[in-house]
There are 2 protein chains.
Amino acid sequence: MSFDTYELSDRKKSILKAIVEAHIKLGEPVGSKYLMQEGNIPYSSATIRNEMAELEGLGYLEQPHTSAGRIPSELGYRFYVDTLVAQYDATTQEAGQLKKLLSVKQAEIDKILENATKVASAMTNYTALSLRPRPSSITIKKYEAVYLDPYSFIIVMIAGGSDSVKTRNIKLPFSITSDLIKLLSQVLNVFLTGISINEMNISLMVDMEKYLEDNSGEDKKLCAELISITVKGIYETMNELGSEIKFEGLNRLLEHPEYKNLDKLQKMISAIESKEDIIKAVSTIDQSDDETKIFIGSENMVKIMDDSTLIYKNLKLNGKTIGAIGIIGPCRMDYSKVLSTIDRLSEEINNMSSLDALPPGTIIKTEEDDNGKQ
Amino acid sequence: MSFDTYELSDRKKSILKAIVEAHIKLGEPVGSKYLMQEGNIPYSSATIRNEMAELEGLGYLEQPHTSAGRIPSELGYRFYVDTLVAQYDATTQEAGQLKKLLSVKQAEIDKILENATKVASAMTNYTALSLRPRPSSITIKKYEAVYLDPYSFIIVMIAGGSDSVKTRNIKLPFSITSDLIKLLSQVLNVFLTGISINEMNISLMVDMEKYLEDNSGEDKKLCAELISITVKGIYETMNELGSEIKFEGLNRLLEHPEYKNLDKLQKMISAIESKEDIIKAVSTIDQSDDETKIFIGSENMVKIMDDSTLIYKNLKLNGKTIGAIGIIGPCRMDYSKVLSTIDRLSEEINNMSSLDALPPGTIIKTEEDDNGKQ
DNA sequence: CTTTAGCACTCTTTTTGTTCAAGTGCTAAA
DNA sequence: TTTAGCACTTGAACAAAAAGAGTGCTAAAG
């Protein structure tokens with residue numbers, strides 16, 4: 001990246017570009033003769049060979065073995081992608097299609113992410129992933145505590161921005177009244193609305209305890225404990241709300257010859273299944289960043305994926321980051337297609353009709369959970 | 001199954017058993033010589049050969065090609081499993097381990113299922129799956145409608161038995177008041193508590209409309225529409241609550257030589273990813289059934305999985321079916337291990353300390369959801 | 001009548017050798 | 001600076017041969 005690409009002559013650039021594109025298309029090493037005939041390089045194979053030898057010396061190309069053609073190195077792909085992105089003139093052919101696929105009465109953020117992932121995977125033929133925004137950026141705009149029985153209640157949290165709903169079931173070591181829970185509801189809404197996970201601190205809890213004690217007439221210790229347990233639950237829930245990752249099109253991995261190699265495939269599936277690694281890797285990306293990020297080969301933070309490429313972009317809806325979408329595939333990836341798909345997709349979502357304009361009576365599905373209280 | 005296994009002599013049985021076990025262990029066809037030397041069959045290879053030829057004639061064995069040993073046919077596996085299950089004397093070595101793995105303050109049904117799946121996959125080295133009970137058996141024991149703004153509210157539903165919490169966000173084409181939502185809450189609790197999805201009918205809705213109209217003084221049409229939209233949402237939500245399927249240990253598929261065959265692997269991954277097929281297949285199993293079900297090869301209802309085995313068992317907690325767990329792998333599966341693991345696991349869960357006995361202050365995590373209202 | 005040793009036979013796997021084609025690097029000429 | 005030509009390397013493809021595994025059958029032994 002910091003490599004000085006300007007030392008490359010125009011001819012070298014065009015040869016490199018042609019090699020990358022041919023390799024993406026064919027999946028095989030490309031030779032000088034092919035470039036001359038099909039690659040639109042107006043020089044003899046000998047000249048091309050000389051250039052290729054130099055490009056190899058510079059680290060842009062690799063040769064699997066003596067009598068094979070060249071394949072792009074990671075640096076070669078990186079060069080290609082960088083120039084591609086620079087001249088990138090969104091090939092708009094498929095925009096309408098995307099719109100149609102996405103526009104099916106989208107209501108829920110989850111559904112949007114899920115559909116976007118499906119569409120991305122289907123259109124590019126690679127495995128796609130989606131990620132929720134990270135916990136620290138989440139705030140709750142409304143709380144509701146629901147009384148269940150003397151020893152348990154449920155907190156319903158509605159996230160600001162995305163309007164996600166998450167619930168948490170809390171079981172207590174002491175008994176409480178339905179009225180106290182109503183009051184708790186009030187306390188939560190007064191003190192914790194709009195507060196991010198980082199802003200939850202002790203002094204806030206002390207205030208909450210005091211408020212609850214004053215207005216309920218309950219025992220001080222009980223109030224303190226109730227608040228403590230409740231806030232802890234909320235804290236954990238907010239943490240879980242963020243950074244959820246989902247995959248789509250796993251089976252498409254198998255369609256690409258690079259994953260016929262069972263070792264690579266195994267690595268890849270393990271990486272995908274463990275999730276944590278990928279979340280961690282992707283979490284380093286600035287969440288407000290609008291750029292499409294491309295990690296080629298060893299640039300990937302997930303060591304295990306070091307011969308694959310991850311293309312990744314934050315998704316915004318009405319200006320708010322609602323998550324991110326990514327494509328995973330071999331380094332030999334149709335970058336142009338993937339980039340255009342992802343960009344189109346994110347644009348489409350960004351411009352999606354505000355949900356206030358939903359058809360009347362729309363039922364907005366939310367989510368579900370279990371808790372084993374009994 | 002209805003095949004008359006009693007026509008087999010003891011010697012044939014022991015040979016068949018030895019072949020199945022050797023094949024499970026080695027993953028390769030087994031020959032007469034091997035059985036004589038390693039398989040603990042006290043006859044000469046010639047005698048064994050004769051018996052094998054007969055077993056093949058009876059359909060219990062197959063020969064990949066002339067000069068290969070024999071492998072068990074589906075019928076052979078079925079015989080093995082049936083007798084295995086019959087004499088099945090739970091090899092208890094790993095029971096303690098299971099207990100430890102599961103006992104980490106289990107609170108949530110989801111978590112129990114998830115952990116059970118992980119444990120099952122880890123201990124057997126096969127891919128495991130878990131399934132929620134089906135929708136028709138779910139009832140809601142408590143509703144709570146949460147007012148959001150004049151045009152939207154959220155319904156919180158707490159499932160009976162499993163105490164799952166699910167929420168649904170509803171957007172209205174007309175405006176409502178916070179008080180009306182409170183009343184709606186009441187209506188839902190009065191009319192829909194304990195009602196299964198099959199019992200929701202028109203007359204119930206008419207009653208609800210009437211009740212709401214009488215007690216709120218709102219316009220009749222508005223009440224009717226509110227109830228209709230709400231019930232529809234609840235209905236859909238209950239449907240979604242059931243039959244959720246999750247997988248664990250996908251990467252372990254790759255560890256078994258039968259899935260080195262990319263075709264099989266691809267089929268398998270597709271089957272797993274599409275989910276619906278497997279849900280449909282498994283749904284035919286009686287939910288209250290306590291037996292461990294074993295589907296070998298073409299016995300599987302998912303055509304695509306017709307050279308794999310699915311072992312499947314309902315899980316109960318305090319007498320209630322909370323879901324099911326399954327193991328998927330090649331027909332050449334270590335049945336003894338898998339069966340014992342699944343049985344242990346289900347027993348362990350069944351006996352799990354009632355959640356009332358949870359340590360005080362336990363926070364019972366529930367779940368989350370999105371809805372794109374905005 | 002049952003079991004077993006022995007052997008010919010079949011079929012797969014592995015090895016070996018040969019040929020082929022691709023693609024290169026280098027040299028010398030244009 | 002470019003290009004034609006050629007020797008060289010190397011993997012891929014194919015065929016033939018060899019090795020190995022396991023069987024079925026026959027005939028002898030218990």
Side-chain angles (χ1 to χ4, degrees), chain A residues 7-16 18-23 25-73 76 257-258 260-261, chain B residues 7-16 18-23 25-73 76 257-258 260-261:
Chain A
E7 75 190 29
L8 291 188
S9 68
D10 280 352
R11 190 167 72 183
K12 280 201 182 58
K13 283 184 192 172
S14 72
I15 288 177
L16 178 52
I19 290 177
V20 174
E21 281 169 359
H23 180 61
K25 191 161 141 203
L26 305 174
E28 276 166 17
V30 349
S32 54
K33 204 163 141 201
Y34 178 88
L35 284 176
M36 185 179 65
Q37 289 164 351
E38 318 279 328
N40 230 0
I41 306 290
Y43 293 95
S44 76
S45 63
T47 310
I48 296 176
R49 273 203 295 284
N50 287 330
E51 292 285 48
M52 294 200 316
E54 289 185 43
L55 281 168
E56 183 173 358
L58 292 168
Y60 292 98
L61 294 178
E62 282 169 5
Q63 201 173 16
H65 58 84
T66 325
S67 73
R70 303 301 210 292
I71 59 173
S73 67
E258 13 280 288
K260 296 275 187 240
N261 176 332
Chain B
E7 74 190 28
L8 289 188
S9 69
D10 280 352
R11 192 168 70 182
K12 279 202 183 58
K13 282 185 193 173
S14 72
I15 289 177
L16 179 50
I19 290 177
V20 174
E21 281 169 0
H23 180 61
K25 192 161 141 205
L26 305 174
E28 276 165 18
V30 349
S32 54
K33 204 163 140 202
Y34 177 88
L35 283 177
M36 184 179 64
Q37 288 164 352
E38 318 278 329
N40 229 2
I41 306 291
Y43 294 95
S44 75
S45 63
T47 310
I48 297 175
R49 272 203 293 285
N50 287 332
E51 293 286 46
M52 295 201 314
E54 288 184 44
L55 281 168
E56 183 172 0
L58 293 168
Y60 292 98
L61 295 179
E62 282 168 6
Q63 203 173 16
H65 57 84
T66 325
S67 72
R70 303 302 210 292
I71 57 174
S73 66
E258 13 279 290
K260 296 274 185 236
N261 176 332

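So that the names make sense, note that chain A is the first sequence line, chain B the second, and so on, each numbered from 1.
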**Letter per nucleotide, 5' to 3', of nucleotides 19-26 of chain C [B base touched, S only sugar-phosphate touched, - untouched; heavy atoms, 4.0 Å]** = ---BSBBB
Using atom [atom1] of [X] as one end and atom [atom2] of [N] as the other, report the distance to the nearest whole Å.
X: A:Asp10; N: D:dT1; atom1: CG; atom2: C1'; answer: 17 Å
X: B:Tyr43; N: D:dG30; atom1: OH; atom2: P; answer: 18 Å
X: A:Met36; N: D:dT3; atom1: CE; atom2: P; answer: 10 Å
X: B:Glu28; N: D:dG20; atom1: CD; atom2: P; answer: 16 Å
X: B:Ile71; N: D:dG22; atom1: CD1; atom2: P; answer: 14 Å
X: B:Gln37; N: C:dT4; atom1: CD; atom2: C1'; answer: 15 Å
X: A:Ile48; N: D:dG5; atom1: CD1; atom2: P; answer: 16 Å

**Request:** Using the salt bridge (Lys or Arg N to Asp or Glu O under 4.0 Å) rule, collect all pairs that involve residues 53-67 of chain A, keeping only residues at least two apart or in two chains.
**Result:**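 Qualifying pairs: A:Lys12-A:Glu54, A:Glu56-A:Arg70.
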Side-chain contact test, heavy atoms from C-beta onward, threshold under 4.5 Å: evaluate it for [X] versus [Y] and give yes or no.
X: A:Lys13; Y: A:Asp10; result: yes
X: A:Tyr60; Y: A:Ile19; result: no
X: A:Arg49; Y: A:Ser45; result: yes
X: A:Glu51; Y: A:Ile41; result: no
X: A:Leu26; Y: A:Tyr34; result: yes

**B:Ser32 side chain to B:Ile48 backbone, donor-acceptor under 3.5 Å** = no
**Request:** Supply the atom-to-atom distance A:Gln63 CD to A:Ile71 CD1, rounded to the nearest 0.5 angstrom.
**Result:** 9.5 Å
**Prompt:** Looking only at heavy atoms, which two atoms of B:Ile15 and B:Met52 are closest? And how far apart?
**Reply:**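 It is CG2-CG, 4.3 Å.
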**Prompt:** How does DNA chain C look in dot-bracket form if you count Watson-Crick and G-U pairs under 3.5 Å, write [ ] for pairs that cross, and put | where a base pairs with another strand?
**Reply:** ||||||||||||||||||||||||||||||
**Below 4.0 Å: OP1/OP2 of C:dT2 and any side-chain N or O of B:Arg11** = no
